[in-house]
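Inspection log for the structure reproduced underneath, given as structure tokens.
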Amino acid sequence: MDPDRCEPLTGRTHQIRVHLKHAGVPIVGDELYGGKPLWLSRLKLNYRLKPGKEERALLARVALHAEQLELKHPVTGETVNITAPWPKDFMVALKYLRQFASA
């Protein structure tokens, strides 16, 4: 199993969110389980906001995305694969994390 992926095995609500909070690594933007929004000002040294502007979080929502779902079709029984690309805000956040986050 890829350590960067979560693969829930049951249909329990919030399963991934609860487990990651318990492990001490809550999901970005998941305020219900201790996650905080992702701010560029927290990543970029000497961040300066333009006068009169208000900073918006790079990710202000729960940073959880089902990239791929695999299920059995209820009528035919065939395996159905559904994929969804990462949302734009994920891609922007990843760009800034790669550029400014320290390892």
Side-chain angles (χ1 to χ4, degrees):
M1 180 157 126
D2 185 335
D4 296 330
R5 298 184 183 276
C6 294
E7 297 181 18
L9 301 176
T10 71
R12 291 187 178 170
T13 304
H14 300 215
Q15 181 185 117
I16 294 168
R17 297 164 71 186
V18 170
H19 284 285
L20 290 175
K21 178 187 179 186
H22 180 73
V25 287
I27 299 170
V28 168
D30 191 357
E31 294 183 28
L32 182 62
Y33 292 100
K36 297 178 181 170
L38 179 63
W39 300 93
L40 182 57
S41 60
R42 299 288 308 260
L43 299 174
K44 186 177 180 183
L45 193 61
N46 299 319
Y47 173 84
R48 296 200 196 293
L49 191 60
K50 293 180 182 176
K53 297 288 183 179
E54 187 173 320
E55 183 179 13
R56 294 184 316 182
L58 293 171
L59 279 173
R61 63 180 180 87
V62 177
L64 191 58
H65 173 71
E67 184 176 29
Q68 179 179 355
L69 297 174
E70 185 176 295
L71 50 103
K72 297 278 183 197
H73 189 280
V75 176
T76 66
E78 291 184 44
T79 300
V80 178
N81 286 299
I82 302 168
T83 59
W86 285 8
K88 184 177 180 180
D89 60 346
F90 275 37
M91 298 301 293
V92 170
L94 182 60
K95 176 183 103 173
Y96 286 118
L97 283 165
R98 285 180 172 152
Q99 186 174 356
F100 298 116
S102 59

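Side chains included, hydrogens not; waters and symmetry mates left out as well; all remaining heavy atoms used.
Put simply, the side chain of Val92 does not reach to within 4.5 Å of the side chain of Leu59, judged on heavy atoms. At least one side-chain heavy atom of Leu97 sits less than 4.5 Å from a side-chain heavy atom of Leu43. Between Leu40 and Phe100 there is a side-chain heavy-atom pair separated by less than 4.5 Å. Side-chain contact between Glu55 and Tyr47 is present, with at least one heavy-atom pair separated by less than 4.5 Å. Side chains of Tyr96 and Leu58 form a contact here, defined as non-hydrogen atoms less than 4.5 Å apart. Taking 4.5 Å as the limit, some side-chain heavy atom of Glu70 sits within range of a side-chain heavy atom of Thr79. For the pair Ile16/Leu64, a side-chain contact is recorded, criterion being any heavy-atom separation below 4.5 Å from C-beta on. Residues Ile82 and Val80 are in side-chain contact: their nearest non-hydrogen atoms beyond the backbone lie under 4.5 Å apart.
Once rounded to the nearest 0.5 Å, the distance linking CG of Leu49 with CZ of Arg56 reads 11.0 Å. Taken from CG in Leu38 to NZ in Lys36, the straight-line distance is 12.5 Å, to the nearest 0.5 Å. Rounded to the nearest 0.5 angstrom, Lys44 NZ and Arg48 CZ are separated by 10.0 Å.
Residue Pro26 comes nearest to Gly35 through the heavy atom pair CB-N, 3.6 Å, listed as atom of the first residue, atom of the second, then distance. The heavy-atom pair separating His65 from Pro85 by the smallest distance is NE2-O, 3.1 Å. For the residue pair Pro37 and Ala57, the shortest heavy atom distance occurs at CB-CB, 3.9 Å.
Residue-environment remark: NE2 (His22) stays at or below the threshold of 12 foreign heavy atoms within 6.0 Å. Under a cut-off of 6.0 angstrom, the local environment of CD in Gln99 is crowded, with over 12 non-hydrogen atoms contributed by other residues, nucleotides or ligands.
Remark: Glu31 engages no residue in a salt bridge (charged side-chain N to carboxylate O under 4.0 Å, His left out) (not counting sequence neighbours). Qualifying salt bridge (charged side-chain N to carboxylate O under 4.0 Å, His left out) partners for Arg61, counting only residues two or more places apart in sequence or in other chains: Asp89.
Both Val25 and Ile27 belong to a common hydrophobic cluster when Ile, Leu, Val, Met, Phe, Trp and Tyr are linked at side-chain heavy-atom distances under 4.5 angstrom.
Side chain to side chain, Gln68 and Thr83 fail the donor-acceptor criterion of an N or O pair below 3.5 Å.
Taking the six-membered ring for Trp and thresholds of 30 and 60 degrees, Trp86 and Phe90 have ring planes more than 60 degrees apart, a perpendicular arrangement.
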Go through His14 and Leu32 one step at a time and tell me if the side-chain contact (heavy atoms from CB on, under 4.5 Å) criterion holds. CA-CA 10 Å; His14 300 215; Leu32 182 62; 3.8 Å; yes

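A distance-only check finds a donor-acceptor pair linking the side chain of His73 to the backbone of Thr76 [under 3.5 Å].
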